[in-house]
Number of protein chains: 2
Amino acid sequence: MAKQKQDEGQAPKLTINDIARMADVSKKTVSRVINRSPLLNRETRDKVEAIIRETGYVPNPQARALALGRNFLIGLVYDNPNAQMILSMQRGILEALHGTEFELVIRPVDRGSNLVMDDIRGFVTRQRLFGVVLLPPMSENDALARMLDEQGCRYVRMGSAVLDDPEHMVASNDKEAVADAVRYLIAQGHRRIGLIAGPHGFRSAQERREGFEQALAEAGISLPRSLIADGQYTFESGLSASESLFDLTPRPTAIFASNDEMAAGVLYAARMRGIAVPEELSIIGFDDTPLTTRVWPPLSTVRWPIVAMGRAAALKLIGTAIGEGSEVNEPSMFSSTLIRRASVAPPAIS
Amino acid sequence: MAKQKQDEGQAPKLTINDIARMADVSKKTVSRVINRSPLLNRETRDKVEAIIRETGYVPNPQARALALGRNFLIGLVYDNPNAQMILSMQRGILEALHGTEFELVIRPVDRGSNLVMDDIRGFVTRQRLFGVVLLPPMSENDALARMLDEQGCRYVRMGSAVLDDPEHMVASNDKEAVADAVRYLIAQGHRRIGLIAGPHGFRSAQERREGFEQALAEAGISLPRSLIADGQYTFESGLSASESLFDLTPRPTAIFASNDEMAAGVLYAARMRGIAVPEELSIIGFDDTPLTTRVWPPLSTVRWPIVAMGRAAALKLIGTAIGEGSEVNEPSMFSSTLIRRASVAPPAIS
DNA sequence: GTCCCATTGGACACCGGTGTCATGAAGCAT
DNA sequence: ATGCTTCATGACACCGGTGTCCAATGGGAC
């Protein structure tokens with residue numbers, strides 16, 4: 001059977017012992033070469049390195065992990081409808097991991113389920129993950145953070161929130177960014193501005209709402225409750241939330257949606273009602289997903305540096321591992337910026 | 001230092017020896033319990049299981065992998081602009097992996113680079129992956145398949161292609177699905193139908209093109225070369241490809257774009273030119289991404305069962321591992337279906 | 001009562017690396 | 001020439017599981 005496998009042409013896996021034998025040194029010496037130990041004769045090192053290169057030997061990561069008592073797997077935990085965001089995050093994390101021996105293991109979870117906690121616990125303990133990155137809304141769960149601490153699993157939370165714990169948090173200044181966006185609407189002449197808020201319990205939703213309210217307050221514009229509609233960060237919720245805003249008299253001349261999916265919903269709803277964008281209605285979203293440039297007119301939005309934040313999160317995690325005494329100097333707070341596109345114009349003279 | 005770590009409240013990791021001591025049996029017996037060995041006294045089993053449950057003991061996967069000579073990591077290799085597709089694929093794979101001890105490790109690669117091959121080789125050998133799922137266009141690389149064979153790494157390719165190797169392939173019938181879509185356009189009365197093809201070298205692009213040509217041939221409609229424009233599966237390429245089709249006289253009354261991104265590009269281009277969709281131009285895309293329902297009018301498209309295909313791919317991979325003699329019976333060929341939305345209408349009477 | 005077999009559990013080596021410590025050789029001062 | 005330190009290397013145990021093989025136990029057939 002074993003022989004048969006060989007016959008299938010599979011390369012027989014080399015071990016450190018094979019290399020040691022070929023180089024006529026002890027396995028420990030080979031181990032020293034692999035780990036760049038400084039107390040090695042240059043000659044010996046070269047000899048062993050040559051053989052490693054020739055044979056294409058790669059140390060077994062499982063054995064290494066076992067001996068070292070830690071492994072090289074980073075987990076990404078998410079529950080989020082925004083595919084583009086998650087993929088960008090994955091990309092950022094992987095950029096940071098590139099060239100290291102870390103790999104990224106992913107785990108989408110179902111926030112709706114009561115078993116999330118157990119699910120994640122199983123995830124980190126079963127594989128003994130080195131660390132995890134938590135995406136919203138998981139990152140807002142403090143019990144989860146405690147559990148990870150207990151399990152001895154490092155973590156970094158991604159959030160659009162206050163920076164209560166820089167070591168474990170990478171955040172963007174959503175509040176200020178939204179305030180900027182709304183100031184822009186006000187500068188264009190809008191006074192009746194609707195908000196489609198994100199789900200209750202999401203810190204990002206709350207931050208964005210506060211930014212919205214702040215900008216209006218600054219300008220001395222009153223904000224009747226009716227101008228705030230609840231959304232769920234989904235296209236459909238944006239669609240139905242707009243309906244209620246459209247029914248108001250007078251109708252708002254601009255709407256800020258707490259994410260792009262909902263902004264697209266607003267645009268779609270406007271189209272169905274025959275409301276011209278941007279002439280009769282200005283729209284601003286949040287996230288700068290590709291969707292914003294696919295629809296007509298392209299949507300103004302707030303862009304946050306997802307990839308850079310993912311990279312920073314990963315570096316925070318592994319920094320403590322590879323950090324040679326140097327502190328982790330990754331920035332923890334990132335700035336979002338307003339992207340101006342054709343979905344905003346001054347309100348029609350009324 | 002070690003003590004300090006304890007003080008931080010990290011749960012001390014239990015080993016099989018701890019459990020053995022507590023249960024007053026040998027470690028091998030504990031191992032037997034874990035692996036559900038059938039030749040165990042019921043009493044002993046219960047006793048050990050109780051202790052495992054109480055203590056929350058989880059076997060160290062690295063040690064397990066080392067002893068077993070194989071690990072429990074599945075890789076997903078992709079290079080693809082379609083975020084939604086990749087995420088759906090991840091979801092399908094993870095559904096299949098759920099409840100097993102396998103985890104999913106992801107690796108986006110840059111097809112443009114000459115180092116793709118080395119990159120992937122490094123990926124599978126460094127981590128000694130159990131197997132990988134290859135997404136297009138990686139799945140079309142036969143040299144890659146050979147390399148994986150050599151490395152002793154199982155693989156399953158996802159493709160929209162002929163089923164040359166059911167054991168290693170999960171495919172959808174793109175050709176027939178596209179032919180159906182085009183037949184639908186013909187049935188609506190269209191005779192001048194443009195094609196925006198996918199990138200050269202992509203099997204999916206070729207399949208879709210063949211389906212397109214086949215439907216026209218069936219209907220006895222000639223296809224001048226000018227009605228075929230090249231695209232790159234990106235929104236921008238769809239945009240510019242449409243320009244050349246719009247410049248034709250007479251202008252095509254319908255366009256089939258080989259994916260949704262490009263179809264969205266067509267729609268956008270039409271909007272800029274003031275061409276009404278669907279009155280003056282019908283559009284059909286491919287993939288059924290959420291984008292299709294966000295734009296106006298919603299795009300007709302071809303839906304393929306991504307999640308199910310991902311699940312099938314993963315089951316194929318691990319089936320050989322957990323398969324207790326039972327052959328892997330996952331279907332290898334999946335059907336795509338035409339989704340009719342508002343972007344198609346009979347051509348204007350001309 | 002004896003023998004044999006089936007059942008159950010344990011001792012031991014092993015997977016492929018790493019840490020600890022000892023050993024031998026070389027370099028230097030005395 | 002001797003004694004000491006320094007450097008390079010190797011022997012060996014260990015990480016936490018699993019496979020092999022053998023011993024002990026108990027029950028049934030004779």
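Sequence lines set the chain letters: A, B, ... in the order given, protein chains first and strands last, and positions in each chain run from 1.
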Begin from the C-alpha positions of Ser31(B) and Lys27(B) and carry the test side chain to side chain contact (heavy atoms under 4.5 Å, CB included) through to its verdict. CA-CA 6 Å; Ser31(B) 169; Lys27(B) 59 193 277 204; over 6 Å; no
Holding to ring-ring contact (aromatic ring centres under 6.0 Å, His included), I want the full list of residues that pass it with Phe72(A), two or more places apart in sequence or in another chain.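 Applying ring-ring contact (aromatic ring centres under 6.0 Å, His included) to Phe72(A) gives Phe102(A).
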Can you list everything that forms a side chain to side chain contact (heavy atoms under 4.5 Å, CB included) with Met22(A)? Sequence neighbours excluded, please.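 Here the qualifying residues are Ile51(A), Thr55(A).
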Contact nearer the 5' end of DNA chain D, comparing Asn35(B) with Arg32(B):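 Nearer the 5' end of the strand: Asn35(B).
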Between which nucleotides of DNA chain D, 5' to 3', does chain A make heavy-atom contacts below 4.0 Å?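 Terminal contacting nucleotides, 5' to 3': dA8(D) to dG16(D).
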Axis deviation across the helix from dG1(C)-dC30(D) to dT30(C)-dA1(D), five-pair ends, to the nearest 10°: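 The helix from dG1(C)-dC30(D) to dT30(C)-dA1(D) shows an end-to-end axis angle of 50°.
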Derivation and outcome, salt bridge (charged side-chain N to carboxylate O under 4.0 Å, His left out), residues Arg107(B) and Glu103(A): CA-CA 8 Å; Arg107(B) 164 72 51 150; Glu103(A) 297 290 346; 3.3 Å; yes
Mind checking Ile34(A) for me? I need base, sugar-phosphate or nothing, with any heavy atom below 4.0 Å counting as a touch.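 Here Ile34(A) touches no strand at all.
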How about Asp24(A): does its CG atom have over 12 heavy atoms from other parts shown lying under 6.0 Å from it?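 Open.
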Nucleic acid contacts - residues 20-30 of chain B versus DNA chain C, non-hydrogen atoms under 4.0 Å: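 Those residues are Val25(B), Ser26(B), Lys28(B), Thr29(B).
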State plainly whether the residues Asp46(B) and Arg53(B) are in salt-bridge range, i.e. N to O under 4.0 Å.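 Salt bridge absent between Asp46(B) and Arg53(B).
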Are the charged groups of Arg121(A) and Asp118(A) less than 4.0 angstrom apart, N to O?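 Looking at Arg121(A) and Asp118(A), the cut-off is met.
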In residues 41-67 of chain B, what residues come within less than 4.0 Å of DNA chain D, judged by heavy atoms?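 Residues of residues 41-67 of chain B that come under 4.0 Å of DNA chain D are, in numerical order, Tyr57(B), Pro59(B), Asn60(B), Ala63(B), Arg64(B), Leu66(B), Ala67(B).
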Any chance you could measure Arg45(A), atom CZ, to Leu40(A), atom CG, to the nearest 0.5 Å?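 The distance works out to 5.0 Å.
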Going from CE on Met309(B) to CZ on Arg311(B), what distance comes out if it is rounded to the nearest 0.5 angstrom?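 One finds 12.0 Å between CE of Met309(B) and CZ of Arg311(B).
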Closest heavy-atom pair and its distance - Leu97(B), Ala314(B):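 Heavy atoms of Leu97(B) and Ala314(B) come nearest at CD1-CB, 3.8 Å.
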Please report the closest heavy-atom contact between Pro61(A) and Arg128(B), naming both atoms and the distance.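 The pair with the smallest heavy-atom distance is CD-CG, 3.7 Å.
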Looking at Val58(A), is its backbone amide N or carbonyl O close enough to the side chain of Lys13(A) to form a donor-acceptor pair, meaning the two atoms are under 3.5 Å apart?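 Looks like no, no N/O pair under 3.5 Å.
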Where the side chain of Asp18(A) meets the backbone of Thr15(A), is there a donor-acceptor pair that is under 3.5 Å apart?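 Judged by distance alone, yes, a pair lies under 3.5 Å.
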